[in-house]
Amino acid sequence: MARMKFICDAERCIECNGCVTACKNENEVPWGVNRRRVVTLSDGVPGERSISVACMHCSDAPCMAVCPVDCFYRTEEGVVLHDKDTCIGCGYCSYACPFGAPQFPGSGTFGMRGKMDKCTFCAGGPEANGSEAEFEKYGRNRLAEGKLPACAEMCSTKALIGGDGDVVADIFRERVLRRGTGSEVWGWGTAYGQAPRPGTPAPQPTSRTSEPAKS
Amino acid sequence: MTGRLLTVAALTALSLGLVACSEPAQTTKAAYSKAEKPQWTGAANPFAAPGWQAGDEDSWRRQLQTRARAQNEYTRTGN
């Protein structure tokens with residue numbers, strides 16, 4: 001059985017916030033709620049690293065353990081979802097979550113917290129798959145459409161990948177083994193061409209088809 | 001006769017008035033069914049990706065595996 005997981009490669013994330021934008025757009029997430037966000041460490045100094053963070057759909061989720069109204073459930077694919085009709089917005093899950101995934105809209109009276117909102121791995125909620133009611137409360141159900149989460153599928157550097165944990169781990173393993181060290185870690189060779197291997201002729205520069213106009 | 005009617009009317013009004021005092025049953029289990037329909041049954045909208053058949057679990061799993069592997073640029077570029 002598939003276990004849906006995200007992984008974010010800190011060597012590749014360029015802090016473009018494309019994943020955040022894709023999530024907001026795909027799920028029509030309300031103002032003030034960020035199901036996904038990019039966290040940057042050592043910002044602006046050598047060694048800066050960014051990572052995209054959302055609900056990690058824990059196998060042993062602490063939010064599920066602490067919820068006083070038992071509104072969480074796990075799908076066959078290991079996606080942790082919740083029922084907004086049952087949620088009372090107490091906020092216990094946000095204290096328990098090590099990733100800060102649970103979010104609360106603050107649009108209620110006197111700043112009262114609303115129902116909890118979090119990443120659904122683009123898998124919707126308890127309502128009928130792909131229904132309007134599901135979209136209103138939880139956003140798009142891309143899994144039921146045969147797609148993976150929008151944030152991972154559109155990540156430009158493929159820093160964020162999502163899907164079956166085994167496949168995701170295989171991709172990451174291959175990447176770590178092949179990308180080497182030094183500048184290759186972040187894809188310099190992929191972008192600008194590999195250095196010639198010993199014993200192979202160096203690539204010849206391509207000839208211009210026309211001379212540039214002289215000024 | 002009138003007294004009996006008044007008594008019945010009063011009891012009816014009383015029972016109706018006490019309806020608001022009732023409480024829903026409180027149990028340790030959620031009141032709703034968490035048995036969501038599996039994702040492979042498909043979505044009730046026209047946005048399904050081509051390449052799989054809604055209701056066919058195996059084709060759905062293959063579809064997701066294919067899309068997950070498409071995130072590996074080494075297989076996409078052949079480098």
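Below, chains carry the letters A, B, ... as their sequence lines are ordered, and counting in each starts from 1.
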Residue selection (most heavy-atom pairs with chain A, distance under 4.5 Å) from Ala43(B), Ala54(B), Ala48(B): Ala43(B)

Under 4.5 Å from a heavy atom of chain A, the part of Gln53(B) involved: neither

Donor-acceptor pair, side chain of Glu145(A) and main chain of Ala49(B), under 3.5 angstrom: no

Salt bridge (charged side-chain N to carboxylate O under 4.0 Å, His left out) partners for Arg69(B), two or more places apart: none

Heavy-atom pairs under 4.5 Å with chain B, option from Cys155(A), Gly163(A), Ala144(A) with the top count: Ala144(A)

Distance (rounded to the nearest 0.5 Å) between Asn141(A) CG and Asn45(B) CG: 8.5 Å

Listed once per pair and sorted, the side chain to side chain donor-acceptor pair (under 3.5 Å) pairs that draw on residues 48-58 of chain A, sequence neighbours left out: Glu11(A)-Arg49(A), Arg36(A)-Ser52(A), Thr40(A)-Ser50(A)

Residue Thr41(B) versus chain A: region with a heavy atom under 4.5 Å: side chain

Charged N-O contact under 4.0 Å between Arg173(A) and Asp170(A): yes

Part of Arg140(A) within contact of chain B (heavy atom distance under 4.5 Å): side chain

Chain B contact via Lys147(A) - side chain, backbone, both or neither, heavy atoms under 4.5 Å: both

